[in-house]
> 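Attaching a single structure in C-alpha coordinates format; questions to follow.
These numbers were taken from a predicted model, which means no experiment stands behind them. Heavy-atom basis, side chains included; hydrogens, waters and symmetry copies ignored. Chain naming here is simple, since letters A, B, ... match the order of the sequence lines and numbering starts at 1 in each.
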There are 2 protein chains.
Amino acid sequence: MQTKYEKIASTIRERIKNGTYPVDSLLPNQTDLVLEFGVSRMTIKKAIEILMMEGLVYSQRGMGTKILDHSFWDKDVSPIKEYDGLSYQMEKQNKKLESSVIKFDVGFPNKEIQKKLLLKAEQPIYQIIRLRILEGKPFVIEHTIMPCDLVPNLTTDILEKSVYTYLKKGLGLQFGGAYRTFQADRAEEHDKKYLECDDSDPILEVQQVIYLKDGTPIEFSKSRNRYDTRSYSILDVDYS
Amino acid sequence: MQTKYEKIASTIRERIKNGTYPVDSLLPNQTDLVLEFGVSRMTIKKAIEILMMEGLVYSQRGMGTKILDHSFWDKDVSPIKEYDGLSYQMEKQNKKLESSVIKFDVGFPNKEIQKKLLLKAEQPIYQIIRLRILEGKPFVIEHTIMPCDLVPNLTTDILEKSVYTYLKKGLGLQFGGAYRTFQADRAEEHDKKYLECDDSDPILEVQQVIYLKDGTPIEFSKSRNRYDTRSYSILDVDYS
DNA sequence: CAGTGGTCTAGACCACCAG
DNA sequence: TGGTGGTCTAGACCACTGG
(Lines give C-alpha, C1' and ligand atoms only; values in the text may rest on other atoms or scores of the structure.)
Protein backbone atom coordinates (compact mmCIF):
# COMPACT_ATOMS: atom_id res chain seq x y z
CA MET A 1 0.00 0.00 0.00
CA GLN A 2 1.83 3.02 -1.24
CA THR A 3 -0.09 5.46 -3.34
CA LYS A 4 -2.71 7.82 -2.03
CA TYR A 5 -5.49 6.27 -4.06
CA GLU A 6 -4.66 2.82 -2.75
CA LYS A 7 -4.81 4.06 0.82
CA ILE A 8 -8.09 5.82 0.20
CA ALA A 9 -9.51 2.75 -1.49
CA SER A 10 -8.54 0.69 1.56
CA THR A 11 -10.17 3.15 3.90
CA ILE A 12 -13.40 3.16 1.94
CA ARG A 13 -13.30 -0.63 1.54
CA GLU A 14 -13.00 -0.92 5.30
CA ARG A 15 -15.98 1.37 5.81
CA ILE A 16 -18.06 -0.69 3.44
CA LYS A 17 -17.13 -3.92 5.16
CA ASN A 18 -17.86 -2.65 8.65
CA GLY A 19 -21.13 -1.06 7.64
CA THR A 20 -20.22 2.62 7.92
CA TYR A 21 -21.38 2.80 4.32
CA PRO A 22 -24.31 0.36 4.25
CA VAL A 23 -25.19 -1.82 1.29
CA ASP A 24 -27.52 -0.14 -1.17
CA SER A 25 -26.79 3.35 0.07
CA LEU A 26 -24.72 5.89 -1.81
CA LEU A 27 -21.14 6.83 -1.16
CA PRO A 28 -20.55 10.51 -0.30
CA ASN A 29 -20.10 12.32 -3.58
CA GLN A 30 -16.64 12.76 -4.98
CA THR A 31 -16.29 16.43 -4.06
CA ASP A 32 -17.09 15.64 -0.43
CA LEU A 33 -14.50 12.90 -0.45
CA VAL A 34 -12.04 15.38 -1.93
CA LEU A 35 -12.60 17.57 1.12
CA GLU A 36 -12.36 14.71 3.59
CA PHE A 37 -9.16 13.24 2.22
CA GLY A 38 -7.58 16.48 1.08
CA VAL A 39 -6.65 15.21 -2.37
CA SER A 40 -7.70 16.05 -5.88
CA ARG A 41 -10.78 14.57 -7.47
CA MET A 42 -8.80 12.48 -9.96
CA THR A 43 -7.28 10.69 -7.00
CA ILE A 44 -10.63 10.00 -5.43
CA LYS A 45 -11.92 8.77 -8.73
CA LYS A 46 -9.06 6.34 -9.09
CA ALA A 47 -9.71 4.98 -5.61
CA ILE A 48 -13.35 4.42 -6.47
CA GLU A 49 -12.32 2.78 -9.73
CA ILE A 50 -10.43 0.16 -7.79
CA LEU A 51 -13.46 -0.62 -5.66
CA MET A 52 -15.53 -0.85 -8.80
CA MET A 53 -13.17 -3.40 -10.29
CA GLU A 54 -13.53 -5.38 -7.09
CA GLY A 55 -17.27 -5.30 -7.52
CA LEU A 56 -17.89 -3.45 -4.27
CA VAL A 57 -19.52 -0.34 -5.70
CA TYR A 58 -21.04 0.87 -8.90
CA SER A 59 -20.78 4.46 -10.11
CA GLN A 60 -23.07 6.11 -12.57
CA ARG A 61 -23.14 9.59 -13.96
CA GLY A 62 -25.91 11.65 -12.47
CA MET A 63 -26.74 9.07 -9.87
CA GLY A 64 -23.79 8.65 -7.57
CA THR A 65 -21.83 5.68 -6.37
CA LYS A 66 -23.83 2.83 -4.93
CA ILE A 67 -22.57 0.22 -2.49
CA LEU A 68 -23.34 -3.22 -3.88
CA ASP A 69 -24.08 -6.38 -1.97
CA HIS A 70 -20.79 -8.20 -1.85
CA SER A 71 -21.68 -10.70 0.87
CA PHE A 72 -22.17 -13.12 -1.96
CA TRP A 73 -18.64 -13.81 -2.98
CA ASP A 74 -17.05 -12.52 0.14
CA LYS A 75 -16.41 -15.92 1.67
CA ASP A 76 -13.91 -18.52 0.71
CA VAL A 77 -14.62 -18.17 -3.00
CA SER A 78 -11.42 -16.35 -3.70
CA PRO A 79 -11.13 -14.99 -7.21
CA ILE A 80 -8.51 -16.60 -9.42
CA LYS A 81 -6.57 -13.39 -9.71
CA GLU A 82 -3.88 -14.73 -7.43
CA TYR A 83 -0.42 -15.70 -8.50
CA ASP A 84 0.56 -16.52 -4.97
CA GLY A 85 0.15 -20.17 -5.70
CA LEU A 86 -1.85 -22.72 -3.82
CA SER A 87 0.51 -22.90 -0.86
CA TYR A 88 0.09 -19.30 0.10
CA GLN A 89 -3.61 -19.28 -0.65
CA MET A 90 -4.20 -22.21 1.66
CA GLU A 91 -1.93 -20.86 4.33
CA LYS A 92 -4.13 -17.79 4.56
CA GLN A 93 -7.07 -20.06 5.25
CA ASN A 94 -5.10 -22.04 7.79
CA LYS A 95 -5.36 -25.19 5.76
CA LYS A 96 -2.56 -27.70 5.59
CA LEU A 97 -1.20 -28.30 2.12
CA GLU A 98 1.40 -30.91 1.33
CA SER A 99 3.00 -31.55 -2.03
CA SER A 100 4.37 -34.80 -3.22
CA VAL A 101 6.61 -34.74 -6.27
CA ILE A 102 5.63 -37.45 -8.72
CA LYS A 103 7.94 -36.45 -11.51
CA PHE A 104 10.79 -33.98 -11.78
CA ASP A 105 12.63 -34.13 -15.08
CA VAL A 106 14.43 -32.01 -17.59
CA GLY A 107 13.77 -32.25 -21.32
CA PHE A 108 13.09 -30.37 -24.50
CA PRO A 109 9.79 -28.71 -25.36
CA ASN A 110 7.45 -30.17 -27.94
CA LYS A 111 5.83 -27.97 -30.59
CA GLU A 112 2.87 -27.05 -28.43
CA ILE A 113 5.03 -25.96 -25.52
CA GLN A 114 7.41 -24.07 -27.78
CA LYS A 115 4.49 -22.07 -29.00
CA LYS A 116 2.93 -21.47 -25.61
CA LEU A 117 6.13 -20.49 -23.83
CA LEU A 118 7.78 -18.87 -26.86
CA LEU A 119 10.76 -21.23 -26.73
CA LYS A 120 13.17 -22.66 -29.26
CA ALA A 121 13.30 -26.43 -29.62
CA GLU A 122 16.69 -26.64 -27.94
CA GLN A 123 15.86 -24.64 -24.83
CA PRO A 124 15.60 -27.10 -21.94
CA ILE A 125 12.56 -27.19 -19.72
CA TYR A 126 11.59 -28.65 -16.39
CA GLN A 127 8.80 -31.19 -16.47
CA ILE A 128 7.12 -31.49 -13.14
CA ILE A 129 4.16 -33.40 -11.84
CA ARG A 130 3.02 -32.82 -8.30
CA LEU A 131 0.19 -34.14 -6.22
CA ARG A 132 -1.13 -31.50 -3.85
CA ILE A 133 -2.69 -32.88 -0.70
CA LEU A 134 -5.07 -30.70 1.26
CA GLU A 135 -5.80 -31.53 4.86
CA GLY A 136 -4.59 -35.05 4.26
CA LYS A 137 -6.77 -35.63 1.18
CA PRO A 138 -5.57 -35.72 -2.44
CA PHE A 139 -6.73 -32.49 -3.98
CA VAL A 140 -5.22 -31.72 -7.34
CA ILE A 141 -2.59 -32.96 -9.75
CA GLU A 142 -0.48 -30.23 -11.27
CA HIS A 143 1.54 -30.71 -14.44
CA THR A 144 4.01 -27.86 -14.68
CA ILE A 145 6.48 -26.84 -17.35
CA MET A 146 9.00 -24.03 -16.91
CA PRO A 147 12.02 -22.97 -18.95
CA CYS A 148 15.22 -23.92 -17.08
CA ASP A 149 17.06 -20.70 -17.81
CA LEU A 150 14.40 -18.58 -16.14
CA VAL A 151 14.22 -20.73 -13.03
CA PRO A 152 17.73 -21.76 -12.04
CA ASN A 153 18.50 -24.15 -9.22
CA LEU A 154 15.09 -25.63 -8.82
CA THR A 155 15.13 -28.45 -6.26
CA THR A 156 12.76 -31.10 -5.00
CA ASP A 157 12.74 -29.30 -1.72
CA ILE A 158 11.34 -26.17 -3.33
CA LEU A 159 8.76 -28.18 -5.21
CA GLU A 160 7.54 -29.70 -1.99
CA LYS A 161 7.10 -26.30 -0.45
CA SER A 162 6.12 -23.39 -2.64
CA VAL A 163 7.43 -22.70 -6.13
CA TYR A 164 5.79 -19.29 -6.18
CA THR A 165 7.52 -18.17 -3.04
CA TYR A 166 10.81 -19.21 -4.63
CA LEU A 167 10.06 -17.32 -7.83
CA LYS A 168 8.98 -14.20 -6.00
CA LYS A 169 11.20 -14.07 -2.95
CA GLY A 170 14.11 -16.15 -4.16
CA LEU A 171 14.43 -14.93 -7.71
CA GLY A 172 12.66 -11.61 -7.42
CA LEU A 173 10.38 -12.30 -10.36
CA GLN A 174 7.18 -10.33 -10.73
CA PHE A 175 4.06 -11.82 -12.25
CA GLY A 176 2.08 -9.78 -14.70
CA GLY A 177 -0.81 -11.92 -15.85
CA ALA A 178 -2.16 -15.26 -16.83
CA TYR A 179 -4.11 -16.85 -19.61
CA ARG A 180 -6.39 -19.65 -18.55
CA THR A 181 -8.77 -22.12 -20.07
CA PHE A 182 -11.29 -24.35 -18.35
CA GLN A 183 -12.57 -27.67 -19.52
CA ALA A 184 -13.98 -30.93 -18.28
CA ASP A 185 -12.30 -34.20 -19.08
CA ARG A 186 -12.39 -37.89 -18.37
CA ALA A 187 -10.12 -39.29 -15.69
CA GLU A 188 -6.82 -40.57 -17.00
CA GLU A 189 -4.26 -42.90 -15.44
CA HIS A 190 -2.60 -40.39 -13.13
CA ASP A 191 -5.95 -39.10 -11.95
CA LYS A 192 -7.25 -42.52 -11.10
CA LYS A 193 -4.06 -43.46 -9.32
CA TYR A 194 -3.48 -40.34 -7.27
CA LEU A 195 -6.83 -38.62 -6.93
CA GLU A 196 -8.54 -41.82 -5.91
CA CYS A 197 -11.22 -41.61 -8.51
CA ASP A 198 -12.50 -44.03 -11.10
CA ASP A 199 -13.31 -43.95 -14.79
CA SER A 200 -16.67 -42.31 -14.35
CA ASP A 201 -15.50 -39.40 -12.21
CA PRO A 202 -15.22 -36.21 -14.27
CA ILE A 203 -12.15 -34.03 -13.97
CA LEU A 204 -12.04 -30.25 -14.07
CA GLU A 205 -8.92 -29.15 -15.86
CA VAL A 206 -7.50 -25.65 -15.80
CA GLN A 207 -4.68 -24.86 -18.17
CA GLN A 208 -2.73 -21.70 -17.69
CA VAL A 209 0.20 -19.80 -19.06
CA ILE A 210 1.68 -17.38 -16.56
CA TYR A 211 3.49 -14.27 -17.68
CA LEU A 212 6.03 -12.05 -16.00
CA LYS A 213 5.58 -8.31 -15.85
CA ASP A 214 7.55 -7.84 -19.04
CA GLY A 215 5.46 -10.35 -20.92
CA THR A 216 7.82 -13.33 -20.79
CA PRO A 217 5.91 -16.58 -20.36
CA ILE A 218 7.34 -18.43 -17.40
CA GLU A 219 5.05 -21.34 -16.79
CA PHE A 220 2.58 -23.59 -18.49
CA SER A 221 0.54 -25.77 -16.23
CA LYS A 222 -2.45 -28.06 -16.11
CA SER A 223 -4.31 -28.49 -12.86
CA ARG A 224 -6.60 -31.46 -12.68
CA ASN A 225 -9.20 -31.61 -9.91
CA ARG A 226 -11.77 -34.19 -9.09
CA TYR A 227 -15.12 -32.76 -10.05
CA ASP A 228 -16.40 -32.65 -6.52
CA THR A 229 -13.47 -30.99 -4.85
CA ARG A 230 -13.19 -27.64 -6.50
CA SER A 231 -14.79 -24.93 -8.53
CA TYR A 232 -13.34 -21.70 -9.81
CA SER A 233 -15.04 -18.36 -9.72
CA ILE A 234 -14.70 -15.10 -11.55
CA LEU A 235 -16.14 -11.68 -11.08
CA ASP A 236 -16.41 -9.93 -14.38
CA VAL A 237 -17.17 -6.23 -14.39
CA ASP A 238 -17.92 -4.14 -17.43
CA TYR A 239 -16.10 -0.86 -17.00
CA SER A 240 -17.39 0.79 -20.13
CA MET B 1 -16.36 4.96 -29.66
CA GLN B 2 -16.82 8.31 -28.05
CA THR B 3 -14.08 9.59 -25.81
CA LYS B 4 -10.69 10.75 -26.96
CA TYR B 5 -8.86 7.99 -25.14
CA GLU B 6 -11.04 5.34 -26.73
CA LYS B 7 -10.31 6.71 -30.17
CA ILE B 8 -6.60 6.87 -29.46
CA ALA B 9 -6.65 3.34 -28.07
CA SER B 10 -8.33 2.14 -31.26
CA THR B 11 -5.76 3.88 -33.42
CA ILE B 12 -2.88 2.36 -31.52
CA ARG B 13 -4.57 -1.05 -31.45
CA GLU B 14 -4.88 -0.88 -35.21
CA ARG B 15 -1.20 -0.02 -35.57
CA ILE B 16 -0.25 -2.95 -33.42
CA LYS B 17 -2.41 -5.35 -35.39
CA ASN B 18 -1.13 -4.21 -38.77
CA GLY B 19 2.48 -4.23 -37.67
CA THR B 20 3.21 -0.52 -37.61
CA TYR B 21 4.25 -1.14 -34.04
CA PRO B 22 5.89 -4.59 -34.24
CA VAL B 23 5.67 -7.17 -31.48
CA ASP B 24 8.46 -6.88 -28.92
CA SER B 25 9.29 -3.29 -29.85
CA LEU B 26 8.46 -0.29 -27.73
CA LEU B 27 5.63 2.15 -28.24
CA PRO B 28 6.68 5.78 -28.77
CA ASN B 29 6.97 7.34 -25.35
CA GLN B 30 3.98 9.07 -23.86
CA THR B 31 5.21 12.59 -24.46
CA ASP B 32 5.69 11.87 -28.14
CA LEU B 33 2.17 10.49 -28.31
CA VAL B 34 0.97 13.63 -26.58
CA LEU B 35 2.47 15.63 -29.44
CA GLU B 36 1.10 13.38 -32.14
CA PHE B 37 -2.46 13.28 -30.84
CA GLY B 38 -2.54 16.76 -29.39
CA VAL B 39 -3.99 15.71 -26.04
CA SER B 40 -2.75 15.73 -22.49
CA ARG B 41 -0.63 12.95 -21.11
CA MET B 42 -3.35 11.70 -18.77
CA THR B 43 -5.43 10.97 -21.84
CA ILE B 44 -2.64 9.07 -23.54
CA LYS B 45 -2.06 7.12 -20.39
CA LYS B 46 -5.69 6.11 -20.18
CA ALA B 47 -5.61 4.90 -23.77
CA ILE B 48 -2.57 2.78 -23.03
CA GLU B 49 -4.26 1.46 -19.90
CA ILE B 50 -7.04 0.06 -22.03
CA LEU B 51 -4.59 -1.74 -24.28
CA MET B 52 -2.89 -3.08 -21.21
CA MET B 53 -6.13 -4.53 -19.90
CA GLU B 54 -6.58 -6.19 -23.26
CA GLY B 55 -3.15 -7.74 -22.89
CA LEU B 56 -1.74 -6.05 -25.97
CA VAL B 57 1.02 -4.06 -24.30
CA TYR B 58 2.85 -3.85 -21.05
CA SER B 59 4.09 -0.60 -19.53
CA GLN B 60 6.79 -0.28 -16.97
CA ARG B 61 8.30 2.71 -15.30
CA GLY B 62 11.71 3.49 -16.63
CA MET B 63 11.42 1.03 -19.45
CA GLY B 64 8.65 2.11 -21.73
CA THR B 65 5.63 0.36 -23.17
CA LYS B 66 6.27 -2.95 -24.87
CA ILE B 67 4.09 -4.57 -27.51
CA LEU B 68 3.30 -8.11 -26.43
CA ASP B 69 2.67 -11.13 -28.59
CA HIS B 70 -1.07 -11.38 -28.79
CA SER B 71 -1.28 -13.79 -31.72
CA PHE B 72 -1.92 -16.43 -29.15
CA TRP B 73 -5.44 -15.64 -28.11
CA ASP B 74 -6.26 -13.53 -31.10
CA LYS B 75 -8.25 -16.18 -32.88
CA ASP B 76 -11.62 -17.57 -32.05
CA VAL B 77 -10.90 -17.77 -28.35
CA SER B 78 -13.15 -14.92 -27.44
CA PRO B 79 -12.92 -13.84 -23.82
CA ILE B 80 -16.02 -14.39 -21.73
CA LYS B 81 -16.46 -10.71 -21.21
CA GLU B 82 -19.44 -10.71 -23.54
CA TYR B 83 -23.01 -10.32 -22.48
CA ASP B 84 -24.24 -10.48 -26.02
CA GLY B 85 -25.38 -13.99 -25.50
CA LEU B 86 -24.58 -17.01 -27.56
CA SER B 87 -26.77 -16.02 -30.51
CA TYR B 88 -24.87 -12.87 -31.26
CA GLN B 89 -21.51 -14.42 -30.57
CA MET B 90 -22.15 -17.19 -33.04
CA GLU B 91 -23.63 -14.87 -35.59
CA LYS B 92 -20.36 -12.96 -35.66
CA GLN B 93 -18.61 -16.19 -36.53
CA ASN B 94 -21.18 -17.04 -39.16
CA LYS B 95 -22.28 -20.13 -37.35
CA LYS B 96 -25.85 -21.23 -37.29
CA LEU B 97 -27.39 -21.44 -33.85
CA GLU B 98 -30.86 -22.77 -33.19
CA SER B 99 -32.62 -22.88 -29.86
CA SER B 100 -35.25 -25.33 -28.84
CA VAL B 101 -37.29 -24.53 -25.77
CA ILE B 102 -37.58 -27.54 -23.52
CA LYS B 103 -39.30 -25.84 -20.62
CA PHE B 104 -40.85 -22.42 -20.15
CA ASP B 105 -42.62 -21.99 -16.84
CA VAL B 106 -43.40 -19.48 -14.18
CA GLY B 107 -42.96 -20.20 -10.49
CA PHE B 108 -41.58 -18.98 -7.20
CA PRO B 109 -37.92 -18.91 -6.29
CA ASN B 110 -36.43 -21.36 -3.84
CA LYS B 111 -34.08 -20.21 -1.09
CA GLU B 112 -30.97 -20.48 -3.24
CA ILE B 113 -32.45 -18.40 -6.05
CA GLN B 114 -33.86 -15.84 -3.63
CA LYS B 115 -30.37 -15.32 -2.34
CA LYS B 116 -28.67 -15.22 -5.70
CA LEU B 117 -31.14 -12.88 -7.37
CA LEU B 118 -32.02 -10.92 -4.22
CA LEU B 119 -35.70 -11.80 -4.45
CA LYS B 120 -38.53 -12.26 -1.98
CA ALA B 121 -40.22 -15.64 -1.84
CA GLU B 122 -43.38 -14.31 -3.49
CA GLN B 123 -41.73 -12.67 -6.48
CA PRO B 124 -42.48 -14.81 -9.52
CA ILE B 125 -39.73 -16.03 -11.79
CA TYR B 126 -39.39 -17.55 -15.23
CA GLN B 127 -37.92 -21.02 -15.34
CA ILE B 128 -36.49 -21.78 -18.72
CA ILE B 129 -34.59 -24.68 -20.17
CA ARG B 130 -33.26 -24.41 -23.69
CA LEU B 131 -31.21 -26.65 -25.88
CA ARG B 132 -28.87 -24.69 -28.10
CA ILE B 133 -27.99 -26.38 -31.34
CA LEU B 134 -24.88 -25.28 -33.19
CA GLU B 135 -24.52 -26.12 -36.85
CA GLY B 136 -27.09 -28.85 -36.44
CA LYS B 137 -25.38 -30.47 -33.45
CA PRO B 138 -26.59 -30.27 -29.82
CA PHE B 139 -24.20 -27.90 -28.10
CA VAL B 140 -25.29 -26.80 -24.68
CA ILE B 141 -28.24 -26.97 -22.32
CA GLU B 142 -29.04 -23.70 -20.61
CA HIS B 143 -31.12 -23.49 -17.46
CA THR B 144 -32.17 -19.89 -16.98
CA ILE B 145 -34.03 -18.10 -14.22
CA MET B 146 -35.15 -14.48 -14.45
CA PRO B 147 -37.47 -12.37 -12.31
CA CYS B 148 -40.74 -11.78 -14.18
CA ASP B 149 -41.07 -8.15 -13.22
CA LEU B 150 -37.74 -7.22 -14.80
CA VAL B 151 -38.44 -9.06 -18.04
CA PRO B 152 -42.06 -8.46 -19.05
CA ASN B 153 -43.72 -10.12 -22.02
CA LEU B 154 -41.24 -12.88 -22.55
CA THR B 155 -42.40 -15.25 -25.26
CA THR B 156 -41.34 -18.57 -26.71
CA ASP B 157 -40.53 -16.74 -29.88
CA ILE B 158 -37.96 -14.58 -28.10
CA LEU B 159 -36.49 -17.61 -26.39
CA GLU B 160 -35.97 -19.30 -29.72
CA LYS B 161 -34.13 -16.30 -31.04
CA SER B 162 -32.04 -14.20 -28.68
CA VAL B 163 -32.99 -13.25 -25.14
CA TYR B 164 -30.08 -10.86 -24.91
CA THR B 165 -31.14 -8.91 -27.93
CA TYR B 166 -34.58 -8.57 -26.37
CA LEU B 167 -33.16 -7.38 -23.06
CA LYS B 168 -30.85 -4.88 -24.71
CA LYS B 169 -32.75 -3.65 -27.72
CA GLY B 170 -36.29 -4.38 -26.63
CA LEU B 171 -36.14 -3.37 -22.98
CA GLY B 172 -33.13 -1.08 -23.09
CA LEU B 173 -31.39 -2.85 -20.23
CA GLN B 174 -27.67 -2.40 -19.76
CA PHE B 175 -25.48 -5.14 -18.38
CA GLY B 176 -22.88 -4.29 -15.82
CA GLY B 177 -21.15 -7.49 -14.88
CA ALA B 178 -21.32 -11.14 -14.15
CA TYR B 179 -20.25 -13.58 -11.50
CA ARG B 180 -19.34 -17.00 -12.78
CA THR B 181 -18.26 -20.34 -11.43
CA PHE B 182 -16.86 -23.30 -13.32
CA GLN B 183 -17.11 -26.90 -12.37
CA ALA B 184 -17.16 -30.36 -13.84
CA ASP B 185 -20.07 -32.68 -13.21
CA ARG B 186 -21.51 -36.04 -14.15
CA ALA B 187 -24.12 -36.20 -16.87
CA GLU B 188 -27.68 -36.06 -15.60
CA GLU B 189 -30.96 -37.02 -17.26
CA HIS B 190 -31.38 -33.92 -19.40
CA ASP B 191 -27.77 -34.05 -20.53
CA LYS B 192 -28.02 -37.64 -21.60
CA LYS B 193 -31.28 -37.08 -23.38
CA TYR B 194 -30.48 -33.88 -25.26
CA LEU B 195 -26.72 -33.71 -25.53
CA GLU B 196 -26.50 -37.26 -26.77
CA CYS B 197 -23.99 -38.32 -24.18
CA ASP B 198 -23.86 -41.21 -21.77
CA ASP B 199 -23.16 -41.71 -18.09
CA SER B 200 -19.42 -41.58 -18.46
CA ASP B 201 -19.24 -38.32 -20.41
CA PRO B 202 -18.18 -35.46 -18.16
CA ILE B 203 -20.06 -32.16 -18.29
CA LEU B 204 -18.59 -28.69 -17.97
CA GLU B 205 -20.99 -26.51 -16.07
CA VAL B 206 -20.81 -22.74 -15.91
CA GLN B 207 -23.08 -20.98 -13.46
CA GLN B 208 -23.51 -17.28 -13.70
CA VAL B 209 -25.39 -14.42 -12.16
CA ILE B 210 -25.69 -11.45 -14.47
CA TYR B 211 -26.06 -7.95 -13.13
CA LEU B 212 -27.39 -4.77 -14.63
CA LYS B 213 -25.43 -1.55 -14.52
CA ASP B 214 -27.07 -0.51 -11.27
CA GLY B 215 -26.25 -3.80 -9.60
CA THR B 216 -29.64 -5.50 -9.90
CA PRO B 217 -29.26 -9.21 -10.58
CA ILE B 218 -31.30 -10.11 -13.64
CA GLU B 219 -30.42 -13.67 -14.46
CA PHE B 220 -29.14 -16.84 -12.94
CA SER B 221 -28.17 -19.53 -15.36
CA LYS B 222 -26.41 -22.84 -15.66
CA SER B 223 -24.85 -23.83 -18.96
CA ARG B 224 -24.00 -27.45 -19.35
CA ASN B 225 -21.66 -28.49 -22.16
CA ARG B 226 -20.40 -31.87 -23.18
CA TYR B 227 -16.77 -32.03 -22.16
CA ASP B 228 -15.51 -32.26 -25.71
CA THR B 229 -17.48 -29.40 -27.22
CA ARG B 230 -16.36 -26.35 -25.37
CA SER B 231 -13.79 -24.69 -23.20
CA TYR B 232 -13.76 -21.23 -21.71
CA SER B 233 -10.81 -18.91 -21.64
CA ILE B 234 -9.78 -15.91 -19.62
CA LEU B 235 -7.04 -13.39 -19.88
CA ASP B 236 -6.12 -12.14 -16.47
CA VAL B 237 -3.88 -9.12 -16.19
CA ASP B 238 -2.36 -7.75 -13.02
CA TYR B 239 -2.59 -3.99 -13.18
CA SER B 240 -0.79 -3.22 -9.97
C1' DC C 1 22.94 10.04 -15.39
C1' DA C 2 18.97 10.89 -18.83
C1' DG C 3 14.69 9.12 -20.04
C1' DT C 4 10.78 6.54 -19.01
C1' DG C 5 6.08 5.87 -17.05
C1' DG C 6 3.29 6.55 -12.46
C1' DT C 7 1.10 9.79 -9.54
C1' DC C 8 -1.09 13.97 -8.38
C1' DT C 9 -3.05 18.69 -8.63
C1' DA C 10 -6.56 22.39 -9.33
C1' DG C 11 -8.97 23.63 -12.12
C1' DA C 12 -12.68 23.18 -16.36
C1' DC C 13 -16.48 21.52 -19.21
C1' DC C 14 -19.78 18.10 -20.30
C1' DA C 15 -23.34 14.10 -20.13
C1' DC C 16 -26.43 12.12 -17.52
C1' DC C 17 -30.24 11.44 -13.89
C1' DA C 18 -33.35 13.01 -10.71
C1' DG C 19 -36.97 16.17 -9.09
C1' DT D 1 -32.85 22.52 -13.04
C1' DG D 2 -29.11 21.21 -9.65
C1' DG D 3 -26.19 17.73 -8.59
C1' DT D 4 -23.77 13.77 -9.93
C1' DG D 5 -19.80 11.36 -12.02
C1' DG D 6 -16.87 11.17 -16.60
C1' DT D 7 -13.46 13.42 -19.25
C1' DC D 8 -9.70 16.39 -20.12
C1' DT D 9 -5.94 19.80 -19.49
C1' DA D 10 -1.19 21.63 -18.55
C1' DG D 11 1.44 21.53 -15.73
C1' DA D 12 4.53 19.20 -11.60
C1' DC D 13 7.19 15.86 -8.94
C1' DC D 14 8.69 11.27 -8.20
C1' DA D 15 10.28 6.19 -8.88
C1' DC D 16 12.19 3.31 -11.63
C1' DT D 17 15.23 1.48 -15.48
C1' DG D 18 19.06 1.44 -18.29
C1' DG D 19 23.64 2.56 -19.64
> At the 4.0 Å heavy-atom cut-off to chain B, mark where contacts on DNA chain C begin and end, going 5' to 3'.
C/dG3 to C/dC8
> Working to the nearest 0.5 Å, report the span between OG of A/S10 and CD1 of A/I50.
8.0 Å
> Using 30° and 60° as the class boundaries, would you call the ring planes of A/Y164 and A/F175 parallel, tilted or perpendicular?
tilted
> Compute whether any side-chain donor of one residue and acceptor of the other, for A/T155 and A/D157, lie under 3.5 angstrom apart.
no
> For the residue pair B/E14 / B/T11, report whether a side-chain donor-acceptor contact shorter than 3.5 Å exists.
no
> Between B/E112 and B/Q114, is any side-chain donor less than 3.5 angstrom from a side-chain acceptor?
no
> Would A/M146 and A/V163 count as a side-chain contact (heavy atoms from CB on, under 4.5 Å) here? Give the steps.
CA-CA 11 Å; A/M146 296 190 281; A/V163 173; 3.9 Å; yes
> Assess the residue pair A/E36 and A/R15 against the criterion (salt bridge (charged side-chain N to carboxylate O under 4.0 Å, His left out)); give the C-alpha distance rounded to whole Å, side-chain angles, the decisive distance to 0.1 Å, and a yes or no.
CA-CA 14 Å; A/E36 175 183 349; A/R15 290 182 188 170; 2.6 Å; yes
> Give me, pair by pair, the N or O atoms of the protein and of nucleotides 1-5 of chain D that are less than 3.5 Å apart, along with how far apart they are.
from	atom 1	to	atom 2	distance (Å)
D/dG3	N2	A/G62	O	3.4
D/dT4	OP1	A/N29	ND2	2.3
D/dT4	O2	A/G62	N	2.9
D/dG5	OP2	A/Q30	N	2.9
D/dG5	N2	A/R61	NE	3.3

> Testing the 3.5 Å rule here: is there a donor-acceptor pair between the side chains of A/S59 and A/T65?
yes
> Would you say that B/D24 contacts B/K66 through its side chain, given a criterion of any heavy-atom pair below 4.5 Å between the two side chains?
yes
> With rounding to the nearest 0.5 Å, note down the distance linking CZ in A/R132 to CD in A/E142.
4.5 Å
> Under a 3.5 Å cutoff on both atom distances, Watson-Crick or G-U, what's the dot-bracket for DNA chain D ([ ] crossing, | other strand)?
||||||||||||||||||.
